[in-house]
Amino acid sequence: MDASKLLTKTLVASPERQQEADADWRVVQQVQAGDVAAFDRLILKYRERLYSVIYNMTANREDAADLAQDAFIKAFQSINRFQGQSTFFTWLYRIAVNSTVTHLRKNRLRTFFSLEKIAEEGKSSEVIAALIDQSGAERGAFVKELQEKLNEALQKLSINHRTVVTLFEIDGLSHAEIAEIMNCSIGTVRSRLHYAKQLLQAELQPYLKK
Amino acid sequence: MSQLPPDKVTLEDLLHLKRAERPSAEFWEEFDRKLHAKQLAALVEKKPRWAFAFGPLMRISSLGALAALALAFALQEYYPAAGETARALEPLVAARHQAAPAVTHTVAAASPARSPVGRIREETAPAVVASAPAPAEIISTTLPVASLPANDISTTIPWLADALHSTAAAALPSLRSLNASLNMADNMPEATSPARSLASASFSSRARPAADPLAQISSPGEMHHARMLAALTDTHLIGEIEPASVSRVRERIASRLANDGYADDISRLGVEGTQVSFKF
């Protein structure tokens, strides 16, 4: 990793992220020393986020589960080669994203949704309430339709654009982290994000109120 | 609970809904169970240590095999008859592999009698018979086409010399047929030597250029003439004239029939005694 990337990463990474990275590195060292059970802590910590990223890229819960498990297995098998030059989670994300991209390219023509149910709590509940006043059965149908439209709009994006949107808007990673995971520049990430948002805006126009 | 203003729903808000798509607790139990099963399978199916050590060697050897295959294919491309003639030349190659004594034995057996076969062999392939040289030398003396590469390569790659020998010999079918004939003659017992001259005579007679097949086919006009001649001879001559003059009459008729203008109608012909008449 060159100096500019290291500097960017240092500037962007928050203290909490840095503490997390240090804690992960200690666990990784335990696994490398032979404590295989320590890897379960890393699985428990990252399984939901990793699954979420893959699920939003594939829009299929079964595929997402398989790919997330495979990503953990690959990380476990290759953990002796991990030397801490990047954070563990970016390394794990890179494995997962690469596997998912490969899977999506292989199954480009096979796209069917297998969606999770939206948990109406917190901000999601506010958004739904702002979009529809009704309650009961009509509300449920509306939420389902909105979910399908969202997934359709995301699936219309290219794989790279979808990945950027998923990592930035849904998982909340920084541009630098996404650039490291996708092995591209920060400018590329910003460009892709801008273009993807334009497309999504056009697709979801009926649901957006200005 | 703070409500979002109805006119302030943005794209980010809609995408935020995606965060709320979360699986249930049962899903994670199943997820963990499958993951541990895969983890165990990965541990069990771990590659043995020798695979890591011999992995590069295996790759190198496979590359070498691939290169050898490509070389063999290239040789086959440049000398397409090599595979076919290799089988025909098996006795020669086997004799060459048995080294010098076998070849000198052949010469010694042939030299006292100095049979024509032995002389032919000595004249056509002197280097092979005279000193029983090494395989590469055989190639260089008898087959000058292949001598340049064979001299260089055969010292380092012996099997390549074999391949070149077989392919170069394939380029000379006369040498191949000559060797086959000589082998056949050598296998014949000494008492049957007169048969050799007979065989060579019959060979030379067989070797004459064949007649033109078209010339052997008689034309329809000739067949017609022959039929007319036979009819005249049978119906008019036999019994009416003397047998001694039949052949002379027949010659006359034949010479007249050679003229196609007279042969268009047999009714114009008439025979009286020793006279043949034509109506015009």
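By convention in this document, chain letters (A, B, ...) are assigned in the order of the sequence lines, proteins followed by strands, and residues within each chain are numbered from 1.
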Could you tell me which portion of [X] (side chain, backbone, both or neither) has an atom closer than 4.5 angstrom to a non-hydrogen atom of chain B?
| X | answer |
| --- | --- |
| A/Ile170 | both |
| A/Gln77 | side chain |
| A/Asp66 | both |

Within-4.5 Å side-chain heavy-atom neighbours: [X] and [Y]:
| X | Y | value |
| --- | --- | --- |
| A/Glu169 | B/Leu11 | no |
| A/Leu200 | B/Leu15 | yes |
| A/Ile73 | B/Leu35 | yes |
| A/Leu146 | B/Leu14 | yes |

Passing candidate, side chain to side chain contact (heavy atoms under 4.5 Å, CB included) with B/Lys18, options A/Thr166, A/Val165, A/Asn151: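 So the option named by the test is A/Asn151.
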Heavy-atom pair count under 4.5 Å with chain B, highest-scoring of A/Asp40, A/Asp171, A/Leu204: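 So the answer, after comparing A/Asp40, A/Asp171, A/Leu204, is A/Asp40.
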Option that, when pairs with chain B are counted at under 4.5 Å, heavy atom only, ranks first among A/Leu154, A/Asn56, A/Val143, A/Asp70: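 Option with the top pair count is A/Asn56.
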A/Phe142 atom CZ: more than 12 heavy-atom contacts under 6.0 Å: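 More than 12 within 6.0 Å, yes.
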Neighbour count above 12 (heavy atom, 6.0 Å) for B/Lys38 NZ: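 Atom NZ in B/Lys38 is crowded, with more than 12 foreign heavy atoms closer than 6.0 Å.
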What's the spacing between [X] [atom1] and [Y] [atom2] if we round to 0.5 Å?
| X | Y | atom1 | atom2 | value |
| --- | --- | --- | --- | --- |
| B/Phe31 | A/Arg61 | CZ | CZ | 12.0 Å |
| A/Phe168 | B/Glu12 | CZ | CD | 8.5 Å |
| A/Leu44 | B/Asp32 | CG | CG | 6.0 Å |

List the atom pairs, donor and acceptor, that lie under 3.5 Å between side-chain atoms in residues 25-32 of chain A and the rest of the protein, sequence neighbours left out.
residue, atom, partner, partner atom, Å
A/Gln30, OE1, A/Arg41, NH2, 2.8
A/Gln32, NE2, A/Ile79, O, 2.6
A/Gln32, NE2, A/Phe82, O, 2.7

Exercise: do A/Gln69 and B/Lys34 side chains pair donor with acceptor under 3.5 Å: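 Note: A/Gln69 and B/Lys34 side chains miss the donor-acceptor criterion.
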Aromatic ring pairing B/Trp28/A/Tyr51, orientation class (parallel under 30°, perpendicular over 60°, tilted between):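 Ring orientation, 0 to 90° scale: perpendicular.
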Residues that A/Phe72 engages under ring pair (Phe, Tyr, Trp, His ring centres under 6.0 Å), provided they are two or more places apart: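 Per chain and number, A/Phe72 pairs via ring pair (Phe, Tyr, Trp, His ring centres under 6.0 Å) with no residue.
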